[in-house]
Amino acid sequence: FFVMDENFLLHRKRALELLCRMKEKAKSWALYVFSSANALRQYSMAELVELGVSWVWMGLESPRAGYEKLKGADTLTLSRELQQHGIKVLGSTIVGLEHHTPDNMREEIEHACAHETDFHQFMLYTPVPGTPLYQQIADEGRLLDDVELADIHGQYKFNFRHAAISRDDSKEYLDFAFRRDFERNGPSLFRICRTTLAGWKRYRNHPDARIRERFEWEVRNLKSGYNAALWAIEKYLRKTNTAVSEQVRWLRREIEGEFGWKPRLAARVFGPVLWWTSRREQKR
């Protein structure tokens, strides 16, 4: 597989030229790409699948943020459509934008979680030295002087004075975002398995051998270790999150129905081991 930045998809002509060469050489690739919603909208789902796009890292900021990359984009529909075609989505959402307040912060987080992406990264709005934002915040006199440089990474607390959210509260909102995503959508491994199976079912009989080959490669872990993990997830969440536990159970049984004895054996042999180790880790 290859990891590619957004420029790859921004230049549609160049990407489709690559697709022609891939077809000529019968190459089956898995591409992990950074992209904006509007760059993705240049392509049909068929083109993205033929190119081998397997993962998309996409910004899912609030519609109120005003970013050009999201202008006119329905990211909820786009995320679901990508997943229906077996393309996994890593959503990226900024917590603590200038328009965020205690009154709208939780609503904004709920909007992000509603995308049900396979992974979801939440990051604090953070002016980093050397960027235009840092210079702007410095000129406005809003930088905090007592913050260690090593702590300016977006996963701790604000390094500037926000108009409506305190530094300590920024950490509370960030932690809430991760907890809420997990509570609503379940573990990321479960989501990955769901998207992978959807893609394989849609494309397993595709006339292009390159596409069949890639989805067969993508689905290989569902036949063994991943199904054992699903068994453990189902058991682990049974008392604390019944709704997600039932979804995991349904998916596990669907996988076993598709692939037969191997995933069933993996679940029954290795699932209890993973459940036990997860409980031990929780106690630790």
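The figures that follow rest on heavy atoms only: side chains count, while hydrogens, waters and symmetry mates do not. All values derive from a computational prediction rather than experimental measurement.
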*Are any non-hydrogen side-chain atoms of Leu40 and Met58 less than 4.5 angstrom apart?*
yes
Item checked: Lys171/Asp175 ion pair, N-O < 4.0 Å -> yes
| message | Taking the basic N atoms (NZ, or NE/NH1/NH2) and the acidic carboxylate oxygens, is any pair closer than 4.0 Å for Lys157 and Asp151? | response | no
Practice prompt. Group every Ile, Leu, Val, Met, Phe, Trp and Tyr by side-chain heavy-atom contacts under 4.5 Å, then state whether Val128 and Leu143 land in the same group.
Written response: no
- Do the side chains of Trp217 and Ser28 get nearer than 4.5 Å, heavy atoms only? no
Could you tell me whether the side chain of Asn104 and the main chain of Glu107 form a donor-acceptor pair under 3.5 Å?
no
Closest non-hydrogen contact found for Glu218 with Ala30 is OE2-CB, 4.5 Å
So OG of Ser170 and CD1 of Ile165: to nearest 0.5 Å the spacing works out to 8.0 Å
Output, in order, the C-alpha distance, side-chain angles, deciding distance and verdict of side chain to side chain contact (heavy atoms under 4.5 Å, CB included) for Lys88 and Leu82. CA-CA 7 Å; Lys88 295 168 286 293; Leu82 288 165; over 6 Å; no
Q. Do Lys27 and Glu213 pass the side chain to side chain contact (heavy atoms under 4.5 Å, CB included) test, and can you show the C-alpha distance, the side-chain angles, and the key distance before you say yes or no?
A. CA-CA 10 Å; Lys27 292 290 185 180; Glu213 180 184 351; over 6 Å; no
| message | Any salt bridge linking Arg180 with Glu183? Criterion: basic side-chain nitrogen under 4.0 Å from a carboxylate oxygen. | response | yes
### Message
Closer than 4.0 angstrom, basic N to acidic O: yes or no for Arg210 and Glu50?
### Response
no
One should read off an interatomic distance between Leu78 CG and Ile87 CD1, to the nearest 0.5 angstrom, of 9.0 Å
Would you call Met22 and Trp29 a side-chain contact if the rule is heavy atoms closer than 4.5 Å?
yes
*Report yes or no: do Glu98 and His162 form a side-chain donor-acceptor pair below 3.5 Å?*
no
Taking every heavy atom of Leu174 against every heavy atom of Tyr156, the minimum-distance pair comes out as CD2-N, 4.3 Å
CD1 of Ile109 to CG of Asp181, rounded to nearest 0.5 Å, is 10.5 Å
Which side-chain N or O atoms in residues 265-276 pair as donor and acceptor under 3.5 Å with protein atoms at least two apart or in another chain?
from, atom 1, to, atom 2, distance (Å)
Arg268, NH1, Glu256, OE2, 3.3
Arg268, NH1, Arg264, O, 3.2

Legend entry - Pairing of Arg106 and Glu110 as salt bridge, 4.0 angstrom limit: no
Nearest heavy-atom approach of Tyr134 to Pro127 is CD1-O, 3.4 Å
_Donor-acceptor pair, distance only, cut-off 3.5 Å: does the side chain of Arg161 make one with the backbone of Leu144?_
no
- Query: Within the distance-only criterion (no hydrogens, no angle test), does the side chain of Asp118 pair as donor or acceptor with the backbone N or O of Thr195 below 3.5 angstrom?
  - Reply: no
Rounding to 0.5 Å, atoms NZ (Lys239) and CG (Leu237) come to a distance of 12.5 Å
Fill in: Hphob cluster co-occupancy, Trp250 + Phe190, side-chain heavy atoms under 4.5 angstrom
yes
Across all chains, not counting sequence neighbours, the side-chain hydrogen bond (donor to acceptor under 3.5 Å, both in side chains) partners of Asn205 are none
Would you indicate whether the side-chain heavy atoms of Leu222 and Pro263 approach each other to under 4.5 Å? no
Within the side chain of Arg252, is there an N or O that forms a donor-acceptor pair under 3.5 Å with the backbone of Trp231?
no
inquiry  = Using a 3.5 Å distance criterion without hydrogens, assess whether the side chain of His11 forms a donor-acceptor pair with backbone atoms of Lys13.
reply    = no
Residue set satisfying ring pair (Phe, Tyr, Trp, His ring centres under 6.0 Å) with Phe122, at least two apart, ordered chain then number -> His120, Phe178
**Prompt:** Does the cation-pi check pass for Arg191 over Phe119, that is, NZ or CZ under 6.0 Å from the six-membered ring centre and within 45° of its axis?
**Reply:** no
Q: Flag the pair Arg194 and Glu254 as a salt bridge only when some basic side-chain nitrogen lies within less than 4.0 angstrom of an acidic carboxylate oxygen.
A: no
* To do: State yes or no: do Phe176 and Met123 share one hydrophobic cluster built from I, L, V, M, F, W and Y residues joined by side-chain heavy-atom distances below 4.5 Å, directly or via other members?
  => no
Check this for me, if you would: do Glu216 and Lys223 make a salt bridge, where the nitrogen-to-carboxylate-oxygen distance has to be below 4.0 angstrom? yes
Requested in this report: May I have the step-by-step check of ring pair (Phe, Tyr, Trp, His ring centres under 6.0 Å) for Trp57 and Phe34, ending in yes or no?
Outcome: CA-CA 5 Å; Trp57 183 327; Phe34 296 85; 5.0 Å; yes
Can you tell me if Gln121 and Ser92 form a side-chain donor-acceptor pair at under 3.5 Å?
yes
Close side-chain approach of Ser79 and Leu60, heavy atoms under 4.5 Å = yes
Step by step, work out the side chain to side chain contact (heavy atoms under 4.5 Å, CB included) result for Thr131 and Gln136. CA-CA 9 Å; Thr131 64; Gln136 174 194 329; over 6 Å; no
Ser35 and Val56 have their tightest heavy-atom pair at CB-CG1, 4.2 Å
**Message:** Cation-pi check for Tyr43 against Arg41: NZ or CZ below 6.0 Å from the six-membered ring centre and within 45 degrees of the axis, yes or no?
**Reply:** no
Taken to the nearest 0.5 Å, the spacing of Asn221 CG from Thr196 OG1 works out to 9.0 Å
| task | Spell out, as yes or no, whether a donor-acceptor pair under 3.5 Å connects the side chain of Arg142 to the backbone of Phe160. | result | no
Check: Shared ILVMFWY cluster between Val95 and Val147, side chains joined below 4.5 angstrom?
Finding: no
d(Lys235 NZ, Ile233 CD1) to nearest 0.5 Å is 14.5 Å
Exercise. Could you give me the CA-CA distance, side-chain angles and deciding distance for Arg21 and Leu18, then say whether side chain to side chain contact (heavy atoms under 4.5 Å, CB included) is met?
Key: CA-CA 5 Å; Arg21 293 199 296 272; Leu18 173 62; 3.8 Å; yes
For Leu51 and Leu31 the tightest heavy-atom approach is O-CD1, 3.3 Å
**Q.** Thr75-His115 side chain donor-acceptor pair, cut-off 3.5 Å
**A.** yes
Could you check, using the six-membered ring where one of them is a Trp, whether Trp200 and Phe259 have ring centers closer than 6.0 angstrom? yes
Exercise. Regarding Tyr203 and His85, is there a side-chain donor-to-acceptor distance under 3.5 Å anywhere?
Worked result: yes
For Thr126 and Gly154, the nearest pair of non-hydrogen atoms, with its separation, is OG1-CA, 3.5 Å
Original post:
Linking I/L/V/M/F/W/Y whenever their side-chain heavy atoms sit closer than 4.5 Å, directly or via other members, would Leu189 and Val244 fall into one cluster?
Top reply: yes
- Item | Salt bridge flag under 4.0 Å for residues Glu47 and Arg12 | yes
Side-chain contact, heavy-atom cut-off 4.5 Å: Leu124 with Gln155?
no
Are more than 12 heavy atoms from other residues, nucleotides or ligands located less than 6.0 Å from atom CD of Glu140? yes
- prompt: Is the backbone N or O of Tyr32 less than 3.5 Å from a side-chain atom of Ser54, with the two atoms forming a donor-acceptor pair by type?
  reply: no
- Message: Could you tell me if the side chain of Leu251 sits less than 4.5 Å from the side chain of Val248, heavy atoms only?
- Response: no
